[in-house]
Amino acid sequence: MMGQSDPVLEDEVKYRYYTIIQLYRRATLQDNAQRVSPVSFELEAALKLARYLCRREVAKEVSDLLMGAADGAKALIDASDRLILYIEIARLFGSLGYKRKAAFFSRQVAQLYLQQDNAYAAMSAMQVLTMTTNAYHVQSRKTSKPDHASLKELGASNSNADKAHPQSVVSLFESQWSTLQMVVLREILMSSIRAADPLTSWSAAARLLRSFYPLITPAGQSGLASSLSNSADRLPWGTRCADPCLPFIRLHSLPFHPSQRDIVKRNPHKKEWWIGAGPSGPFIYTPFTKGGTSGTSKQEINWIVGEPVQVMIELANPCSFDLVVESIYLSVHSGNFDAFPVTVNLPPNTSKLVLLSGIPTKVGQVSIPGCIVHSFGVITEHLFKEVDSLLLGAAQGLVLSDPFRCCGSSKFKSVNFPSISIVPPLPLLVANVVGGDGSILLYEGEIRDVLITLTNAGTVPVEEANIALSGKNQDSVISIAHSTWKSALPIKPGGEVTFKVTLRAWHLSLADLEADGSRSPANPRRIAREGINPFLNIHYAGPSAAKGNGEVSLPPGRRLAVPLNICVVQGMCLVRARLLSMEIPARFSEAHLRPVSGKDNTSDESNMLHNDISLLKIDPYKGSWGLRLLELELFNPTDVVFDVDVSVHLDGTSVPEDNTADVACHKTRIDRDYSARVLIPLEHFKLPVLDASFFVKENGSDELLGSQAATIAEKNAKAELNASISNLISKIKVRWHSGRNSSGELNIKDAIQAALQASILDILLPDPLTFSFRLAKDAKPVNDSNHSTDENVGPSAGENVLRCKDPISAHKMTHMEVQIRNNTKEIIQMNLSISCKDVAGENCFEENSATVLWAGVLNDIQLEVPPLQEVVHPFSVYFLVPGDYSLQSSSVIIDATDVLRARAKAESPDEPILCRGSPFHIHVVGTE
């Protein structure tokens with residue numbers, strides 16, 4: 001009794017007991033017909049000796065005594081004696097720690113109880129069998145509260161699945177004892193039915209079906225389902241059981257907040273708290289998959305009081321019958337969450353994803369270890385970590401089967417349970433695109449206003465907000481009406497504000513166009529790929545809260561990501577842009593340039609002017625001159641009709657969006673699969689000054705190149721040239737309209753820049769001298785021209801015709817002036833000549849057939865024009881015959897500099913440099 005033993009005394013006791021046992025055994029062999037069998041005395045002696053020696057040090061000797069006694073039980077006639085013997089053997093084996101041997105003899109005791117046909121004996125058998133479940137690892141949760149509590153703690157913690165307790169896997173599901181385990185559970189089920197204990201029978205059937213469904217035939221599975229239903233019919237409504245049955249439930253994913261509910265922590269020391277604090281993207285669900293070997297940091301999720309949340313779970317029914325789950329909802333033990341139940345029907349051998357929702361009610365931490373399930377008439381709790389242990393055991397070969405894999409579900413992935421915190425109520429903005437939240441279908445270059453409505457669906461007002469752009473193609477958002485939504489602050493609960501966002505569809509690249517090689521007229525090519533659209537990032541927050549100590553607390557802010565889903569459709573396209581030099585014939589009128597749509601895409605210049613639209617303003621006169629034109633070929637590949645407006649801004653700035661400035665504009669209509677060409681004169685795009693720095697590289701002067709001043713001048717000239725190119729391109733606009741509300745602008749920048757790259761100097765550089773005529777009585781020139789032409793290169797491509805505003809009377813002396821401007825930074829000396837021609841191209845100043853008389857000098861007029869200044873030469877004319885006349889001035893430059901020769905592209909130093917002005921049209925009427 002004091003934990004001490006006397007070896008001498010122990011040996012003496014063992015000797016005497018073994019002697020007695022041998023005597024009883026010999027007596028039994030000599031006379032089997034004795035009235036009182038000595039077997040019972042032999043067994044009693046063996047039990048007493050085993051009870052005396054029962055300790056771990058002599059366990060082998062005690063086990064041999066007990067097994068010998070068990071063999072002798074066959075000779076006992078009375079069942080009660082065998083019952084007592086088995087009970088004592090089971091007790092002694094249990095004391096030694098031999099749990100399975102103790103469980104075996106306990107089952108023998110239960111079998112003896114079951115041989116009696118009464119409920120009390122069945123109840124005793126059920127109780128004895130229940131004690132054996134720990135040894136066979138099929139125990140109920142109710143009898144293993146410590147293990148069940150540990151599972152709950154694991155379910156509420158953030159432990160990784162690879163760190164899950166492996167003992168629980170083996171203890172709950174041990175495949176090598178499956179047949180014996182099934183026998184034990186079946187015996188418990190039968191005894192509980194005979195004992196009229198419906199809860200125990202329901203628990204046994206649930207454990208048998210849940211753990212060993214792969215070894216049970218479909219008929220047996222249906223029989224167990226009937227047993228569960230029959231037991232539930234005898235239980236009160238709402239009865240709870242500690243042992244879950246079907247279905248199998250695992251956590252699939254927990255939601256981070258969707259794009260309209262992202263939570264952003266606010267920095268009280270930073271006014272623009274939203275900068276750098278936005279989440280990475282608007283993903284609705286993010287599964288917490290097992291990351292690998294390293295212990296990752298804990299995931300954190302914030303839920304808001306009063307705002308519903310969702311958790312996605314997966315249910316599996318691996319059995320052969322239809323499973324009806326009357327209700328299932330999240331199991332929350334923290335008391336600050338209201339879960340909403342749902343009903344689920346699972347066909348045989350299927351799995352299903354289910355969203356379970358609820359509403360947080362109080363601030364604090366929340367733990368969700370599993371789900372509460374009402375199926376087969378009983379309420380049970382299913383723990384996520386218990387199923388994770390099952391799936392881990394299946395992956396390691398310790399469990400019979402994976403219920404999700406046999407139902408066709410994906411491979412097992414452990415989910416890290418995050419830390420969930422509930423924060424106070426926050427404002428909640430919900431965005432809606434007026435007209436629908438689908439893709440906004442836009443043609444290339446189309447400009448459209450989109451109205452976005454923000455509604456505060458929360459219980460807290462929005463007091464501050466900020467809207468910024470993110471994502472790709474941000475330049476497609478032209479403007480956002482910030483003043484509209486700012487004026488609506490604060491947005492009270494239930495309030496809303498609608499503001500305008502102006503969008504412009506981007507230009508499709510070659511990769512976008514090649515992505516969809518097939519196109520039919522009835523199905524235009526649509527480009528709507530993911531990840532190419534811009535987003536409106538709206539960060540907003542509610543009012544600050546006061547702490548108990550008088551400090552101010554800033555609750556978190558929120559981020560609303562509004563995707564602008566733009567689907568760009570290939571619309572009006574620019575086939576090509578090229579530079580043309582043309583000779584305009586005599587008697588050429590504007591009627592020749594009327595737009596005609598057609599399928600003729602030929603580049604034959606003889607038919608060009610009859611199939612195109614143009615911005616030219618040309619009056620008829622005798623003779624021809626050269627024009628430099630920009631040709632744009634447009635094509636309509638869609639199934640709609642486009643009205644095209646081509647405009648060129650004539651002053652020194654780019655074309656404004658409202659078209660209020662002075663522009664030259666022509667319109668045309670291009671039908672489906674038709675094309676049209678646009679001719680744009682380039683005479684209005686000259687630079688004001690002809691600078692020597694533009695010809696530094698062409699002259700190749702080492703002295704100039706070596707000079708630092710020349711290098712700076714060259715850089716300035718390049719910058720001015722690039723600015724002039726951009727200015728030129730910005731002045732040309734091709735806008736289109738289709739239907740009532742569809743309009744946009746064609747992207748022509750790259751095409752025009754490529755077309756003008758080779759001849760940009762010829763287009764932009766001014767001529768050394770420009771000429772203009774005016775009536776002497778006018779205070780300013782009738783119409784100034786900034787262009788002339790060099791004899792060596794032919795007429796300038798940008799020349800136009802000037803005309804007198806009012807008709808001139810014949811037989812009256814008309815006093816006129818010619819104005820010559822020097823566009824260089826050097827003095828120019830020249831010989832000026834003035835000519836006059838009629839509509840037939842004849843010289844009107846010839847002495848023999850003169851139709852116009854003059855006063856003053858008209859030929860070989862020597863003039864000197866200062867740099868960047870003008871000189872005026874007066875003269876008078878007297879028209880004898882009414883009609884149309886044109887005056888034209890020309891001059892030969894004396895001692896031309898290298899810059900002038902480079903501009904004129906003179907081939908030899910002795911070649912004369914001739915400059916000629918544009919014809920000045922005069923209409924002469926007769927006198928009454």
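Along the sequence shown, residues carry numbers from 1.
Panel note: side chain H382, backbone P247; a donor-acceptor pair is recorded below 3.5 Å. A donor-acceptor pair is defined here as one N or O able to donate and one able to accept, closer than 3.5 Å; no such pair exists between the side chain of S357 and the backbone of V309. With hydrogens and angles ignored, the 3.5 Å screen pairs a side-chain donor or acceptor of R558 with a backbone N or O of P427.
Side-chain atoms of I313 and I328, non-hydrogen and from C-beta on, do get closer than 4.5 Å to each other. With contacts defined as side-chain heavy-atom distances shorter than 4.5 Å, the pair I566/N473 does not qualify. Using a 4.5 Å cut-off on side-chain heavy atoms (C-beta onward), Y674 and N636 make no contact. Looking only at side-chain heavy atoms (C-beta outward), P555 and L426 come within less than 4.5 Å of each other. Between I538 and I467, the closest side-chain pair of non-hydrogen atoms falls below 4.5 Å. Counting heavy atoms from C-beta outward, E496 and I491 have side chains that stay 4.5 Å or more apart.
Taken to the nearest 0.5 Å, the CG atom of L251 stands 10.5 Å off from the CD atom of E314. For the atom pair CG of N456 and CG of L454, the computed distance is 10.0 Å after rounding to the nearest 0.5 Å. Distance check: H539 NE2 to R266 CZ gives 12.0 Å after rounding to the nearest 0.5 Å. F248 contributes atom CZ, which lies 9.5 Å from atom CD of E386 (distance to the nearest 0.5 angstrom). With values rounded to the nearest 0.5 angstrom, R735 atom CZ is found 8.5 Å from D645 atom CG. In this structure, NE2 in H252 is found 5.0 Å from CG in L353, a value given to the nearest 0.5 Å.
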Derivation and outcome, side-chain contact (heavy atoms from CB on, under 4.5 Å), residues V264 and Y540:
CA-CA 9 Å; V264 180; Y540 60 97; over 6 Å; no
Quick one, N336 with T361, criterion side-chain hydrogen bond (donor to acceptor under 3.5 Å, both in side chains). Give me CA distance, side-chain angles, the key distance, then yes/no.
CA-CA 5 Å; N336 55 352; T361 56; 5.8 Å; no
I'd like to know whether L632 forms a side-chain contact (heavy atoms from CB on, under 4.5 Å) with I752, so could you lay out the CA-CA distance, the side-chain angles of the two residues, the decisive distance to 0.1 Å, and finally the verdict.
CA-CA 8 Å; L632 303 179; I752 293 180; 4.1 Å; yes
Evaluate the side-chain contact (heavy atoms from CB on, under 4.5 Å) criterion for residues V477 and L503: first the C-alpha distance (whole Å), next the side-chain angles of each, then the deciding distance (0.1 Å), finally the verdict.
CA-CA 5 Å; V477 181; L503 303 177; 3.8 Å; yes
Would you tabulate the side-chain donor-acceptor contacts of residues 343-350 under 3.5 Å, counting partners in other chains and residues two or more places apart, or write 'none'?
unit_1 : atom_1 : unit_2 : atom_2 : d
T343   : OG1    : E326   : O      : 2.7
T350   : OG1    : P347   : O      : 2.7

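Annotation for A481 and F499: closest pair O-CB, 3.8 Å, computed over non-hydrogen atoms. Of all the heavy atoms in G557 and W273, the pair that sits closest is CA-CH2, 3.9 Å. The two atoms that bring I263 and P556 nearest to each other are CG2-CB, 3.6 Å, heavy atoms only. For H333 against S331, the heavy-atom pair with the smallest separation is NE2-OG, 3.4 Å. Looking at every heavy atom in both residues, E446 comes nearest to S743 through CG-O, 2.8 Å. Across A316 and C407, no two heavy atoms sit closer than the pair CB-SG, 4.2 Å.
Considering only residues two or more places apart in sequence or on other chains, D338 meets the salt bridge (Lys or Arg N to Asp or Glu O under 4.0 Å) condition with none of them. Applying the salt bridge (Lys or Arg N to Asp or Glu O under 4.0 Å) criterion to D643, with sequence neighbours excluded, gives R669.
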